[in-house]
Protein chains: 2
Amino acid sequence: MATPSALDRTLSALADPTRRGVVDRLRQRPHPAGELAAAFDMSPPAMSRHLRVLRQTGLVEENIDADDARVRVYRLRPEPFAALRGWLDEVESFWEDQLGAFKAHAERTRGTKGPGTSGGRKS
Amino acid sequence: MATPSALDRTLSALADPTRRGVVDRLRQRPHPAGELAAAFDMSPPAMSRHLRVLRQTGLVEENIDADDARVRVYRLRPEPFAALRGWLDEVESFWEDQLGAFKAHAERTRGTKGPGTSGGRKS
DNA sequence: TTAATCATTCACCCTATCGTTAACGACTTT
DNA sequence: AAAGTCGTTAACGATAGGGTGAATGATTAA
């Protein structure tokens with residue numbers, strides 16, 4: 001594994017239901033690690049690992065509670081979500097392009113319904 | 001594993017670098033399975049499994065080539081990407097709420113004073 | 001100082017996933 | 001019909017990911 005890209009790590013992190021649940025929950029407000037473990041009926045070590053994954057991808061940030069330095073409060077960070085949106089925008093631009101490409105393609109293949117219907121298997 | 005949600009499956013599918021590479025490649029044009037296996041220097045069975053995952057999440061669609069029924073041509077499908085965007089929009093609305101108005105979800109938050117750091121945890 | 005609490009890392013299972021080769025079904029070609 | 005091609009499923013080994021309980025470090029409470 002040649003050091004996965006940031007997008008790799010972001011998507012892997014969000015692919016886990018627990019971690020996505022944590023993200024959803026952090027939308028409401030920041031939470032201490034212990035609260036999250038309890039909320040998902042999970043042992044503290046298990047949640048700690050999930051939080052580490054989220055932290056390493058930059059999806060959440062850890063802060064020491066001002067009133068009790070034992071407590072670590074987690075909150076969302078926007079950057080990885082923005083990056084994911086950027087990739088998604090790129091992918092979805094495919095269909096916009098397809099509308100334009102449809103005209104061009106329709107010239108070459110008169111009669112076929114969709115753009116890029118198979119063509120040759122050679123490049 | 002209580003039947004993962006559609007979003008679970010979509011994110012898991014896209015978390016794999018190979019599968020995301022396939023998606024990126026299909027943005028250019030539809031491809032036969034064999035071309036994809038070759039492009040990623042991977043055995044046909046391995047690619048076939050990746051394509052099945054993508055197909056099961058609805059990210060790609062399989063079509064029999066009109067000229068050669070042995071060839072299966074894969075192309076992108078928009079729905080799962082739109083669903084992912086929907087979730088991403090929800091998550092990112094978090095920051096809009098923070099900037100705009102906390103009154104929007106002030107109705108749901110009981111007693112807690114805004115996004116405060118301190119937490120009264122305790123079970 | 002001693003005890004209790006919060007969260008982490010460490011050690012270990014256990015399952016899921018990815019890759020390979022071999023075998024198969026479907027289609028095309030000669 | 002026989003051989004060749006494309007892509008799949010089947011069976012297997014190797015690896016990574018996620019769960020637990022025990023031990024550790026840091027902080028607070030008594």
Side-chain angles (χ1 to χ4, degrees), chain A residues 1-4 8-22 26 30-57 60-75 118-123, chain B residues 1-4 8-22 30-57 60-75 117-123:
Chain A
M1 190 142 90
T3 306
D8 275 326
R9 296 199 316 269
T10 298
L11 284 163
S12 293
L14 295 177
D16 183 275
T18 299
R19 288 194 290 262
R20 212 171 58 260
V22 168
L26 291 183
H31 281 267
E35 259 186 37
L36 293 170
F40 289 88
D41 196 31
M42 181 175 295
S43 66
M47 179 54 70
S48 183
R49 290 188 42 169
H50 282 304
L51 291 172
R52 177 166 60 168
V53 171
L54 290 170
R55 208 185 323 131
Q56 284 173 341
T57 71
V60 305
E61 118 187 344
E62 180 192 83
N63 288 290
I64 307 294
D65 188 297
D67 299 330
D68 185 344
R70 292 171 302 181
V71 174
R72 320 254 180 123
V73 179
Y74 286 87
R75 70 181 58 199
S118 102
R121 67 299 204 100
K122 300 302 295 295
S123 54
Chain B
M1 188 164 99
T3 306
D8 275 326
R9 296 199 317 270
T10 298
L11 284 163
S12 293
L14 294 177
D16 183 275
T18 298
R19 287 193 290 262
R20 212 170 60 261
V22 168
H31 282 267
E35 260 185 35
L36 293 170
F40 289 88
D41 195 31
M42 181 176 292
S43 67
M47 179 54 71
S48 183
R49 287 182 62 86
H50 283 303
L51 290 172
R52 177 165 60 165
V53 171
L54 291 170
R55 208 186 323 131
Q56 285 173 339
T57 70
V60 304
E61 119 188 343
E62 180 192 82
N63 288 290
I64 306 293
D65 187 297
D67 299 331
D68 185 345
R70 293 172 300 181
V71 174
R72 320 249 181 128
V73 180
Y74 286 88
R75 70 180 58 198
T117 54
S118 77
R121 93 226 105 286
K122 201 64 270 144
S123 41

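Chain identifiers are assigned alphabetically (A, B, ...) following the order of the sequence lines, protein sequences preceding nucleic acid strands; residue numbering begins at 1 within each chain.
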Heavy atoms under 4.0 Å, any strand shown: does B:Phe40 hit a base, just sugar-phosphate, or nothing? nothing
What is the distance, to the nearest angstrom, from the CZ atom on A:Arg55 to the P atom on C:dA7? 12 Å
Derivation and outcome, side-chain contact (heavy atoms from CB on, under 4.5 Å), residues A:Leu36 and A:Met42: CA-CA 8 Å; A:Leu36 293 170; A:Met42 181 175 295; over 6 Å; no
Those residues of residues 41-50 of chain A lying under 4.0 Å from DNA chain C by at least one heavy atom: A:Pro44, A:Pro45, A:Ser48
Among C:dT9, D:dT8, D:dT9, which nucleotide sits nearest the side chain of B:Tyr74? D:dT8
Set of residues satisfying salt bridge (Lys or Arg N to Asp or Glu O under 4.0 Å) with respect to A:Asp16, sequence neighbours excluded: none
Interatomic distance, A:Asp65 CG vs D:dA26 C1' [rounded to whole Å]: 14 Å
Rounded to whole angstroms, how far apart are CZ on A:Arg72 and P on D:dG25? 14 Å
Test A:Val53 against A:Arg9 for side-chain contact (heavy atoms from CB on, under 4.5 Å), laying out the working first. CA-CA 9 Å; A:Val53 171; A:Arg9 296 199 316 269; over 6 Å; no
Protein-nucleotide distance (A:Arg52, atom CZ; D:dA16, atom C1'), rounded to Å: 14 Å
Is there any protein nitrogen or oxygen under 3.5 Å from a nitrogen or oxygen in nucleotides 28-30 of chain D, and what are the pairs?
from, atom 1, to, atom 2, distance (Å)
D:dT28, OP1, A:Ala69, N, 3.2

A:Arg55: what forms a salt bridge (Lys or Arg N to Asp or Glu O under 4.0 Å) with it, not counting sequence neighbours? A:Glu62
Interatomic distance, B:Glu62 CD vs D:dT8 C1' [rounded to whole Å]: 9 Å
Chi angles and distances behind the side-chain contact (heavy atoms from CB on, under 4.5 Å) call for B:Val73, B:Ile64: CA-CA 6 Å; B:Val73 180; B:Ile64 306 293; over 6 Å; no
Just by distance, do the side chain of B:Arg72 and the backbone of B:Asn63 share a donor-acceptor pair under 3.5 Å? no
Without decimals, in angstroms, what is the distance between B:Leu51 CG and D:dT9 P? 10 Å
Rounded to whole angstrom units, what separation is found between the CD atom of A:Glu35 and the C1' atom of C:dT5? 15 Å
Restricting to salt bridge (Lys or Arg N to Asp or Glu O under 4.0 Å), what partner residues turn up for A:Glu61, sequence neighbours left out? A:Arg77
Whole-Å gap separating P (D:dC6) and CG (B:Leu36): 14 Å
Where do B:Val22 and B:Phe40 come nearest, in terms of heavy atoms and distance? N-CZ, 3.5 Å
Qualifying residues under side-chain hydrogen bond (donor to acceptor under 3.5 Å, both in side chains), relative to A:Arg20, sequence neighbours excluded: B:Asp8
